[in-house]
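All values derive from a computational prediction rather than experimental measurement.
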Amino acid sequence: MRYFIFSDIHGNLEALEAVLAILSREKDCIPVCLGDIVGYGPNPRECIQAIRDRNILSLVGNHDHAAIEEMDISYFNPYAKEAVLWTRSILEDSDVEYLRSLPTIRTLGNMTLVHATPCNPEAWNYLFTLFDAQSNFKCFDTRICFVGHSHQPIIIIQKPGGECWVHPHTAIGIKKDQRLIVNVGSVGQPRDGNPHAAYTIYNEEEGTIEVFRTPYEHRKTQEKMKRHGLPDYLIERLELGR
C-alpha cells in the first residue's frame with residue numbers, strides 16, 4: 001500500500017492544486033490530509049471543497065478549530081488572528097459542519113495520524129526537540145506517526161532502547177528496529193526556507209518514506225490575499241518559505 005500524506009494547506013488553493021495534480025498521476029496511492037485546511041490563505045472554502053470532492057481522509061487542525069470557533073484564539077499572533085476572523089466571515093454552514101466532523105487523531109494500519117502531537121492532540125503542542133519526540137513516542141503504539149503543524153518536514157528515529165535522533169535527509173528506508181515520527185511539512189505555508197509545497201509518500205510494502213516538494217503559482221495566491229485585505233506579513237512570507 002502507498003500513502004500520499006500532506007498537511008497545512010491553509011486556504012492556499014494554488015499550492016493544493018499543484019499537489020493534487022501530482023496525486024492524480026500517482027497510481028494506487030491513498031491520500032491523507034493531516035489538517036489545517038483553512039487559515040492564512042484566501043481560498044478556505046475552495047480548499048475544503050477540493051478535499052471533500054475527492055473523499056480524502058482528513059483530520060482537523062488548530063486553525064480549522066479556530067475557524068469554527070472551537071478554540072480560544074487569544075494566544076494567536078495578530079496576523080493569524082486577523083486571518084482566522086476573516087476566514088470565519090466567509091465559511092458557510094456546510095464548511096463548518098465538515099470541519100467539525102473531522103477527528104484530531106486516528107490509526108490507519110501501522111500509522112498514527114495526527115495534526116499536532118500524539119500526546120494530547122487537542123492541546124496543539126509543537127514537536128520541535130528530541131525531548132519532545134521522546135515524550136511523544138510513548139503516546140502511540142504504531143510503528144510510524146505522521147504529523148504536521150510546524151510546517152517543517154523532518155524525520156525522527158527511535159531505536160529499541162529509546163534513543164532518538166534526527167534523520168539527516170527527507171527520505172528514508174525504514175529498518176526493522178526503528179520507530180518514526182515524520183513531519184510531512186506544509187502544502188500552503190512552508191516555513192523551512194523552501195517556498196515550494198510539501199507532500200510525503202509512504203510506501204508501506206517497500207518500507208520507504210520520502211518528502212517531496214513542488215512549485216506552485218504563489219504570486220497568484222499573494223494577489224488574492226491582497227484583494228481580500230489579508231496581512232502583508234502573511235503575503236510576503238509565502239515567497240520566502242518562512
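Residues His115 and Ser7 are in side-chain contact: their nearest non-hydrogen atoms beyond the backbone lie under 4.5 Å apart. Contact of the Val182 side chain with the Ile172 side chain is not registered, since no non-hydrogen atoms from C-beta on lie closer than 4.5 Å. At least one side-chain heavy atom of Pro42 sits less than 4.5 Å from a side-chain heavy atom of Thr221. A heavy-atom distance below 4.5 Å is found between the side chains of Phe76 and Met71. Residues His63 and Tyr40 meet the side-chain proximity criterion, which asks for heavy atoms closer than 4.5 Å. Between Ser135 and Phe131 the shortest side-chain heavy-atom distance falls below 4.5 Å.
Between the CD1 atom in Ile37 and the CG atom in Leu99 there is a gap of 5.5 Å [rounded to 0.5 Å]. Taking SG from Cys47 and NE2 from His10, the interatomic distance works out to 10.5 Å, rounded to the nearest 0.5 Å. Put simply, CD on Glu46 and CG on Asp53 are 11.5 Å apart, with the number rounded to the nearest 0.5 Å. Taken from CE in Met111 to CZ in Arg106, the straight-line distance is 9.5 Å, to the nearest 0.5 Å. To the nearest 0.5 Å, the span separating CD1 on Ile48 from CG on Leu16 amounts to 11.5 Å. For the atom pair CG (Leu34) and CG (Leu102), the distance works out to 11.5 Å, reported to the nearest 0.5 Å.
Side chain of Asn12 to main chain of Ala15: a donor-acceptor pair is present (N/O by atom type, distance under 3.5 Å, no hydrogens or angles). In this structure, Gln222 contributes its side chain and Ile235 its backbone to a donor-acceptor pair below 3.5 Å. Judged by distance alone, the side chain of His151 and the main-chain N or O of Ser186 form no donor-acceptor pair under 3.5 Å. Side chain of His167 to backbone of Ile156: no donor-acceptor contact under 3.5 angstrom is found. With hydrogens and angles ignored, the 3.5 Å screen pairs a side-chain donor or acceptor of His149 with a backbone N or O of Trp124. Between the side chain of Asp8 and the backbone N or O of Val187 there is no donor-acceptor pair closer than 3.5 Å. In this structure a side-chain-to-backbone donor-acceptor pair under 3.5 Å is missing from Asp177 to Lys159. The main-chain N or O of Glu206 is found under 3.5 Å from a side-chain atom of Asn203 such that the two form a donor-acceptor pair.
In the hydrophobic clustering of ILVMFWY residues, with side-chain heavy atoms under 4.5 Å counting as a link, Ile144 and Leu108 come out together.
Judged as a salt bridge (Lys or Arg N to Asp or Glu O under 4.0 Å), the pairs with a partner in residues 77-104 (not counting sequence neighbours) are, in order, Arg45-Glu92, Arg45-Asp95, Glu70-Arg100. Note on residues 232-242: pairs passing salt bridge (Lys or Arg N to Asp or Glu O under 4.0 Å), not counting sequence neighbours, are Arg219-Glu239. Judged as a salt bridge (Lys or Arg N to Asp or Glu O under 4.0 Å), the pairs with a partner in residues 24-42 (not counting sequence neighbours) are, in order, Arg2-Glu26.
Heavy atoms from other residues, nucleotides or ligands lying under 6.0 Å from CG of Asp141 number 12 at most. Crowding of Tyr75 atom OH: a count of heavy atoms from other residues, nucleotides or ligands under 6.0 Å exceeding 12. More than 12 heavy atoms of other shown residues, nucleotides or ligands fall within 6.0 angstrom of atom CD in Glu210.
Each of Leu180, Thr112, Leu113 was compared with Thr142 under the side chain to side chain contact (heavy atoms under 4.5 Å, CB included) criterion, and only Thr112 meets it. Tested against Phe4 for a side chain to side chain contact (heavy atoms under 4.5 Å, CB included), the candidates Ile56, Leu20, Thr200, Ile22 yield a single pass: Ile22.
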Using the rule given for side chain to side chain contact (heavy atoms under 4.5 Å, CB included), can you reason through Tyr199 versus Leu23, listing the C-alpha separation, both sets of side-chain angles and the distance that settles it, and then say yes or no? CA-CA 10 Å; Tyr199 63 95; Leu23 172 62; over 6 Å; no
Under the side chain to side chain contact (heavy atoms under 4.5 Å, CB included) criterion, do Trp86 and Met225 qualify, and how do the steps go? CA-CA 11 Å; Trp86 178 82; Met225 292 174 76; over 6 Å; no
Could you give me the CA-CA distance, side-chain angles and deciding distance for Ile9 and Cys33, then say whether side chain to side chain contact (heavy atoms under 4.5 Å, CB included) is met? CA-CA 9 Å; Ile9 301 162; Cys33 174; 4.0 Å; yes
Let me see the working for Leu57 and Ile30 under side chain to side chain contact (heavy atoms under 4.5 Å, CB included), right down to the final yes or no. CA-CA 9 Å; Leu57 172 67; Ile30 297 174; 5.9 Å; no
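Side-chain contact annotation: Asn125 with Thr117, donor-acceptor N/O pair under 3.5 Å absent. Thr129 and Asp132 share a side-chain donor-acceptor pair at under 3.5 Å.
Ion pairing between Arg213 and Asp192 holds under the 4.0 Å rule for side-chain N and carboxylate O.
Remark: aromatic rings of Tyr202 and Phe146 are close, center separation under 6.0 Å.
The aromatic rings of Phe137 and Phe140 lie tilted to each other, with the angle between the two planes from 30° to 60°.
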